[in-house]
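Convention: sequence-line order gives letters A, B, ...; per-chain numbering from 1.
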There are 2 protein chains.
Amino acid sequence: MARSNNMQDDAATPSDSPSQRLAVAGPPTIRDVARLANVSIGTASKALNAGGRLSKETRENVLRVAREIGYRPNDLAQSLHRAKSRTIGIISNDSFGRFTFPIVEALEERLAEEGIAVFMCNATDDPARERQHLDQLLGKRIDGLVVTARRADKRPPIGPLAHGLPVVYVFSQADDPGALSLLPDDEGGAVLAVAHLAARGRKHIAHVTGPEHFEAVRLRKTGYRAALAEAGLPEIDGFYLSGVWSEAWGREAVAKLFSRRERPDAIFCGNDQIARGALDALREKGVSVPGDVAIVGFDNWDVMTLAARPPLTSIDMNLKALGREAGDSLLDMIAGGANSGVKRRPCSLVVRESS
Amino acid sequence: MARSNNMQDDAATPSDSPSQRLAVAGPPTIRDVARLANVSIGTASKALNAGGRLSKETRENVLRVAREIGYRPNDLAQSLHRAKSRTIGIISNDSFGRFTFPIVEALEERLAEEGIAVFMCNATDDPARERQHLDQLLGKRIDGLVVTARRADKRPPIGPLAHGLPVVYVFSQADDPGALSLLPDDEGGAVLAVAHLAARGRKHIAHVTGPEHFEAVRLRKTGYRAALAEAGLPEIDGFYLSGVWSEAWGREAVAKLFSRRERPDAIFCGNDQIARGALDALREKGVSVPGDVAIVGFDNWDVMTLAARPPLTSIDMNLKALGREAGDSLLDMIAGGANSGVKRRPCSLVVRESS
DNA sequence: GTGAAAGCGCTAACAC
DNA sequence: GTGTTAGCGCTTTCAC
């Protein structure tokens, strides 16, 4: 039964006739193509790879057969030969949260353009799992590696790994000067926000932000202070408030700010959730936004910015661009280029009605 | 030049000594291990794979050498031999959003347990890109495929693909009875919500939800009506409102509901954003939640449920469990098991202060 | 107990 | 123009 298509003349033994083999085994191989096209394997390969000197007829015949039987070269075999897998790995410690996601997506898109596939591994901050994933990836002979995380801290460099394996850290910082780390410019983002508020004539600008153990919080604070100085505005006592990354903290912070004599006419918030909490608290207090107080958030997370009343001005970290650049850098390193150091990429300001 | 490796005795030419080769070429191979351990390749393989009859000494010696030079078997070569790549692909059309993410994460975790790596591909609803990714994956001889999406509609089955390639659709539904689709039980989730409200003594339960072109919306509506009937409650005219998935619509819907004579004492919302909008509108109206009106959302998205005032009761689709089951099913199918049909998995109710 | 050799699917160098 | 062949790194059967 089930003797599939093809074959000219075949004596007796059906069990190992070519057709049988085709029917039983997995995907068709170049051998199958060659047999059916009545050429040698080498010739078939030449035809399929558009190489060498070949009569038009042979070439077309081979290609036709290949198409007919649905031949698709086995990448594993090709990789073995080329010593390049056209595959990279990405290890995340943020379990691919809201921030890593746009990055990974853009990265994958960039690499797909070059025909490079991406292995996705989630280590969730467990060094053992990270080690295990890395091992697996090295076994698969990946051509490069991307490491992503929450940004909180510098992380120990991943390793040990195959000598010369290109690695890019993105939204993550390796504690190793020889490594390449790609990050958003938090300080510059803060400057953008505060300069914008100052340009709108605000004189009393507060900063409500997250926990100081985040490097981003410290950098944004630096930017906030630098921009105040640049605009000739004073730093007012009690106008810098560090808390947690929640709406509740945003509401609480507004209560704190308004229990003082000197009140802000603008608040730069460390993220959009804090900003939204602040916005809600002000509205409920009867304080007009942006009339009395202008608000700027950070992250430009549409779920927050668009649902806020009024819609929230925010700083965008351009994560997709960051992901794309990570892809570019990795490709370049795979091609032999050198790259290292901490690189920070500009944020941008997205103005909406809250400022 | 470039006279490659091998061969026991070879005069002069230092350029192809074993050490040289080791230094120049890529990762160490089993050949290197064998040479340095002074055994044949076959023996080395046996030692490394804990197989066959081998003297303890030889075995240990081989393992020691392997460890020393950092030998790691080349998975590509193994795969070629085994005709199994221990690799699967996942194609997403939701660009890995909030819903697909927990699923993919759990899936990856489950597969990692079995030493199977996951290729991540984002097709973003572009059939051409989907086709292209699929091609690449087939070339890489994946052992299985997972397809994910927004749930809006049934999608055409992916293909054509290698005969017998196991495929699981999760949070996505293939228009093909022979395929396996894993989905949350939207109808059951709605029943859970409404029964909960009824059990709390609510008699006038409204349902504010998203666009009807989502199958989930239609199913939840069915559940809503079934649960009302079950509790002996009437369906009140104008108490079912379909709109969009936003907070703004939640606020607007409350305005609509309260412009009528008959007012609800509970609202079951189609997602947490709508619920949150409703909550805000009620608070601003001075209507007490849950005193006067109880609210239940859908999705159990912490960003919404925890920031809401009061915290929001919601239906959880148990997406991680769904992802894990997708992994289990795929593994089973790879092992030869058969599986098909549309399977819906239960949601659960997470009670918080809004109800 | 150990080694030699065939073969997984493919490419590239070299014959003819 | 086309065929033959030697590997890529690994496993496995079969001699010895």
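Remark: the backbone N or O of Lys140(A) is not paired with any side-chain donor or acceptor of Asp75(B) at under 3.5 angstrom.
The distance between atom CG of Leu138(B) and atom P of dG9(C), rounded to the nearest whole Å, is 16 Å. One interatomic measurement links the two molecules: CG of Asn38(A) to C1' of dT2(D), which rounds to 13 Å at whole-angstrom precision. The interatomic distance linking Arg141(A) (CZ) with dG9(D) (C1') rounds to 9 Å, in whole Å. Atom NZ of Lys46(A) and atom P of dA15(C) are 14 Å apart (whole Å). The CD1 atom of Ile30(A) sits 15 Å away from the C1' atom of dC8(D) (whole-angstrom rounding). Atom P of nucleotide dC8(C) and atom NZ of Lys84(B) are separated by 17 Å, given to the nearest angstrom. In this structure, Arg86(B) atom CZ and dC10(D) atom P are separated by 17 Å, rounded to whole Å. Atom pair Asn61(B):CG and dG1(C):P shows a separation of 17 Å (rounding to whole Å applied).
Among the nucleotides dG1(C), dT11(C), dT2(D), the one closest to any side-chain atom of Thr43(A) is dT2(D). Of the candidates dC10(D), dA4(C), dG1(C), the closest approach to any side-chain atom of Ser40(B) belongs to dA4(C). Of the candidate nucleotides dT12(D), dC10(D), dG9(C), dG9(C) has the atom lying nearest to any side-chain atom of Thr29(A).
Only Leu80(A), His81(A), listed by number, bring a heavy atom of residues 73-82 of chain A to less than 4.0 angstrom from any atom of DNA chain D.
The shortest distance between side-chain heavy atoms of Ser79(B) and Arg86(B) does not fall below 4.5 Å. Taking the side chain as every heavy atom from C-beta outward, Asn74(A) and Pro27(A) never approach each other to under 4.5 Å. Using a 4.5 Å cut-off on side-chain heavy atoms (C-beta onward), Tyr169(B) and Pro157(B) make contact. A heavy-atom distance below 4.5 Å is not found between the side chains of Thr124(A) and Asn93(A). With contacts defined as side-chain heavy-atom distances shorter than 4.5 Å, the pair Leu36(A)/Glu68(A) does not qualify.
With rounding to the nearest 0.5 angstrom, the CD atom of Gln136(A) is 7.5 Å from the CZ atom of Phe119(A).
Distances shorter than 4.0 Å separate none of the side-chain N or O atoms of Thr58(B) from OP1 or OP2 on dG1(C).
Residues Ser45(A) and Asn49(A) bring a donor and an acceptor atom of their side chains to less than 3.5 Å of each other. Remark: the Asn122(A) side chain and the Glu109(B) side chain contain no N/O donor-acceptor pair separated by less than 3.5 Å.
Ranked by how close their nearest DNA chain C nucleotide is to the 5' end, Lys56(B) and Gly42(A) are led by Lys56(B).
Axis angle, first five pairs versus last five pairs of the helix from dG1(C)-dC16(D) to dC16(C)-dG1(D): 60°, rounded to 10°.
Among the heavy atoms of the strands lying under 4.0 Å from Ser45(B) is at least one base atom, whether or not backbone atoms are also near.
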